[in-house]
Amino acid sequence: MFDHIYNGFLNQKIKDKVIVVDVLRASTTITTLLSIVDEVYITDSIERREKGIYIGERGGVKVKGFDFNNSPIEILKNRDIIEERYNNGEKIYLSTTNGTRVLRSLKAKEIFIGAIVNAKAVSEVGDATLIPCHRMGEFAIEDIVGCAYIAKYWGNDFGLANPELVINSEAAKHLKAIGYEGDVYFSIMENTYDIVGYYIKEDGKVVRYED
Ligand SMILES: O=C(O)[C@H](CS(=O)(=O)O)OP(=O)(O)O
Ligand SMILES: [Mg+2]
């Protein structure tokens, strides 16, 4: 059933508006960051090129030399220092294994960031194509579930808006194995935020969407 749905996502017509969904954890992290700062730069590099706050991971493990992992809980635990450094002029850079690479490669007129933590808010951007991210090139059930949570507000969740599917996903098992179980439970807390990230491709950054 899931392959059929995933292929359905892959074969859908890309509308002017797309919603990129990476529940574990890039979309959840970006939405969390936008509750603290006004913009998040998206990069696929793991180098520290200029002064700034570098956040990211490869395979779930914080990049050596980065400040924080792609972890919403780690970010909230450090929100004061992030806010202080950001207010002192440092940019925030996010680089993750899957989600930020999908963002940088996607071509669409308007690109929004969707997750379970902002499902209702992002569903209100209007008629959009849901783009579930992969996980290292493989099908990621947690991202299909995230799309279902958003589609629920359009009238049909395909019976997939089920947090157990996220908790029991391979990505969640991996995060639990490397000590980030808290992020899994944080990521399934529906509508924690009414913030929607909007990716300005030409600037390489995500800002809060103001409709
Ligand atoms: O950091 C994450 O949760 C994942 C990497 S993995 O799937 O845990 O290896 O990256 P993301 O780009 O957020 O899917
Ligand atoms: Mg992911």
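Keep in mind that this is a model prediction, so the values were computed, not measured. Start at 1 and go down the list; that is how both ligands and their atoms are numbered.
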Could you tell me if the side chain of T29 sits less than 4.5 Å from the side chain of I75, heavy atoms only? yes
re atom 11 (P) of ligand 1, the protein heavy-atom contact at minimum distance is D22 OD2, 3.3 Å
Among V40, L103, T43, whose side chain to side chain contact (heavy atoms under 4.5 Å, CB included) with L94 holds? V40
Under 4.0 angstrom from ligand 1, any heavy atom of G59? yes
Geometric N/O contact G99 with ligand 1, under 3.5 angstrom: yes
If we number the atoms of ligand 1 from 1 as shown, the ones under 4.0 Å from a heavy atom of N70 are 1 (O), 2 (C), 10 (O), 11 (P), 13 (O)
If every non-hydrogen atom of A119 is compared with every non-hydrogen atom of N191, which pair is closest and at what distance? N-OD1, 3.3 Å
Flag the pair I92 / Y41 as yes when at least one side-chain heavy-atom distance between them is below 4.5 Å, and no otherwise. no
Can you confirm, on distance only, whether ligand 1 has an N/O atom lying under 3.5 Å from any N/O atom belonging to L24? yes
Quick test: of every protein heavy atom, which one is nearest to atom 7 (O) of ligand 1, and how far off is it to 0.1 Å? R135 NE, 2.6 Å
Heavy atoms, side chains only, cut-off 4.5 Å: are K62 and I55 in contact? no
Under 4.5 Å between any side-chain heavy atoms of E142 and R135, yes or no? yes
Show me which atoms of ligand 1 lie under 4.0 Å from any heavy atom of A26. 13 (O)
Look only at interatomic distance and state if E57 has a nitrogen or oxygen under 3.5 Å from any nitrogen or oxygen of ligand 1. yes
Answer with yes or no after comparing the ring centroid distance for Y209 and F112 against a 6.0 Å cut-off, counting only values under it. yes
Does ligand 1 have a heavy atom under 4.0 Å from the side chain of R25, from its backbone, from both, or from neither? both
Nearest to the Mg ion (ligand 2) - the N/O/S atom of D22, by atom name: OD1
Polar side chain donor-acceptor pair, R58 to S95, under 3.5 angstrom: yes
Any N/O of N69 closer than 3.5 Å to an N/O of ligand 1? no
Which one holds for T100 and ligand 1: side chain close, backbone close, both close, or neither close, with close meaning a heavy atom under 4.0 Å? neither
Can you tell me which portion of T97 lies within the under-4.0 Å heavy-atom range of ligand 1? Options are side chain, backbone, both, or neither. both
Any side-chain heavy-atom pair from E57 and T96 closer than 4.5 angstrom? yes
Metal proximity, E142 vs the Mg ion (ligand 2), N/O/S cut-off 2.8 Å: no
Suppose we measure from atom 8 (O) of ligand 1 to each protein heavy atom; which comes out shortest, and what is that distance? H174 CD2, 3.4 Å
Please tell me whether Y149 and D157 have a donor and an acceptor in their side chains that are separated by less than 3.5 angstrom. no
How about L24: does one of its N, O or S atoms come closer than 2.8 Å to the Mg ion (ligand 2)? yes
